[in-house]
Student: 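Mind looking over this structure? Questions follow.
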Amino acid sequence: MSPDEILAELRARRARDLPTHGGRTLAYVYDSGLAQADEIAREAVAMYASTNGLDPTAFPSLLSMEADLIAFARSILHAGDEVVGTVTSGGTESILLAVQTARDAAGVERPAMVVPSTIHAAFAKAAHYFGVELAAVPVGPGHRADVAAMTEAIDRLGDRVVLVAASTPSYAHGVIDPIEELAAVTRERGLRLHVDACIGGWVLPWVPDAPPWDFAVPGVTSMSVDLHKYAYTPKGVSLLLHATPQLRRPQFFAYADWPGYTMLNSTMQSTKSGGPLAAAWAVVRHIGADGYRDLVARTVAGTRELAEGVAAIDHLHLVEQPETSLVVIGTDDAVDVFTISDLMLDRGWFVQPQMRFGDEPANLHLTMSAATAPSVPEFLDALASAVKEAAAAGPVRIDPLLAEAAATLDPDTLDDEAFDGLLALAGLAGEGGVAVPERLGPVNALVDVAPPRVREALMIAFLDRLSR
Ligand SMILES: *Cc1c(COP(=O)(O)O)cnc(C)c1O
């Protein structure tokens, strides 16, 4: 195929995705609205795409750009001279490494970590990968970490605790956990405290009234900060910071006992493209601290405007007052969030439904980018009209027998054929396997009534078939 044909095909395939720019996709993507920042990012990715971070002596450019990014991060996160950092491929990798490092440093049998129940699922993944028990403690009022309950869990688990973690803010509710109070507890006990600032780490430094949450708080031992979120860099860049080189040491992996080169890695990847790192370096240099201050001011103002508008729409309420750039919307019984989300897509906006959790009903999660801020009135018009239409249609009705079956299923007893049947029942049957239906509302509403274990099993069966 000719380059022109190939590029045309790539463009055609991209056209079926959610848009990454324009501010109408309120999950997964982050848009600064700064065309020049995007342009230099693309050039930097292209220039460095084939470089390999596997060997920093072969590609010293990568080591120097990593050092520059960490230096910038230190300057905005109240980090002293001792703080060290590593560029990783994303928030999940930063968290996986923080957990692995804490586990290996402690070297105890049956390691455990104590976290609020709102902690990001990446910690559950780390627990699963590294054999660390996830002691998830129910949150207190305002969906914030319950320090007394977490302290109790810490003391109950005793020497088994290798890590305590909390979020600034949490992804699901967008609220900031009480880091100072938690740090007082972990400091007294000589425990590591990880602050998951994946989504807030490039916002809070420029929020004037934010409570202390970063390395300014004595006792914070590590922190994850994603650049591919609010630093507005292309995907594939996060920072993992440790308070001292000693705390970081178990993160590094070396292996000399094989016939090839001596393996020496700071992250989970070995061969890794320098593209995302170079792009992050370029974008952070281009926007700079003043630029980010301005982007955050616009994003936070837009978030407030959006929150006020949501509270004024019939059938809707805010689940929490937004503290940064995340808005979580609940509904009354006259409408359901899955239908609203479909109807918003009809109107050109993507909003993310979050399924029920414990006693809490499903809700809608909005991630504000700077590029969305100017269109908040337009968004609110679309939302009001979507809610009106959803109220007229009424919430998705689920056959009570089906709901009952979903709620009582034991996924361990199901074979492949049973999963095929369930996926078909859920409306996900397609040509020779599964397909994503035009409207996800009815599927989501059904999956929502299934308990987490059933939901997980169903989703894995779905992905398995989707990717065969
Ligand atoms: C996004 C996010 C993560 C995970 O990061 P990925 O880059 O998606 O791997 C972890 N914690 C929080 C709070 C996040 O918002």
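In listed order, ligands and their atoms are each counted from 1. Remember, predicted model here, so these are calculated numbers, not experimental data.
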Student: Nearest to atom 9 (O) of ligand 1, what protein heavy atom do you find, and at what distance?
Tutor: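 For this ligand atom, the closest protein heavy atom is T92 OG1, 2.6 Å.
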
Student: Check whether any side-chain heavy atom of M344 lies under 4.5 Å from a side-chain heavy atom of F379, and answer yes or no.
Tutor: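 Yes; the side chains approach each other to less than 4.5 Å.
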
Student: Should R144 and E323 count as an ion pair when the cut-off is N to O under 4.0 Å?
Tutor: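 Salt bridge flag = yes for E323 with R144.
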
Student: Give the contacting part of H228 toward ligand 1: side chain, backbone, both or neither, where contact means a heavy-atom distance below 4.0 Å.
Tutor: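 For H228, the contact with ligand 1 is made by the side chain alone.
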
Student: Going by heavy atoms, is K229 under 4.0 Å from ligand 1?
Tutor: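 It does, in that a heavy atom of K229 comes within the 4.0 Å cut-off of ligand 1.
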
Student: May I ask you to decide whether D31 forms a salt bridge with R24, counting only side-chain N to carboxylate O separations under 4.0 Å?
Tutor: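 No.
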
Student: Are R42 and D38 within salt-bridge range, i.e. N to O under 4.0 Å?
Tutor: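 No, no charged N to carboxylate O under 4.0 Å.
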
Student: Has ligand 1 got any nitrogen or oxygen that is less than 3.5 angstrom from a nitrogen or oxygen of D196?
Tutor: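 D196 vs ligand 1: N/O contact under 3.5 Å present.
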
Student: Please list, in number order, the atoms of ligand 1 under 4.0 Å from a heavy atom of C198.
Tutor: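 Under 4.0 Å from C198, ligand 1 has these atoms: 2 (C), 3 (C), 10 (C), 11 (N), 12 (C), 14 (C).
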
Student: Hey, mind stepping through T267 and T88 against side chain to side chain donor-acceptor pair (under 3.5 Å) and telling me if it holds?
Tutor: CA-CA 6 Å; T267 65; T88 73; over 6 Å; no

Student: So, regarding G91 and ligand 1 (criterion: nitrogen or oxygen to nitrogen or oxygen, under 3.5 Å), is there a contact or not?
Tutor: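 Such a contact does occur with ligand 1.
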
Student: Would you mind listing every side-chain hydrogen bond (donor to acceptor under 3.5 Å, both in side chains) that reaches into residues 116-126, with sequence neighbours excluded?
Tutor: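 For residues 116-126: none.
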
Student: Please report whether ligand 1 has a polar contact with S170, defined as an N or O pair separated by less than 3.5 Å (distance criterion only).
Tutor: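 No; the residue has no nitrogen or oxygen that sits under 3.5 Å from a nitrogen or oxygen of the ligand.
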
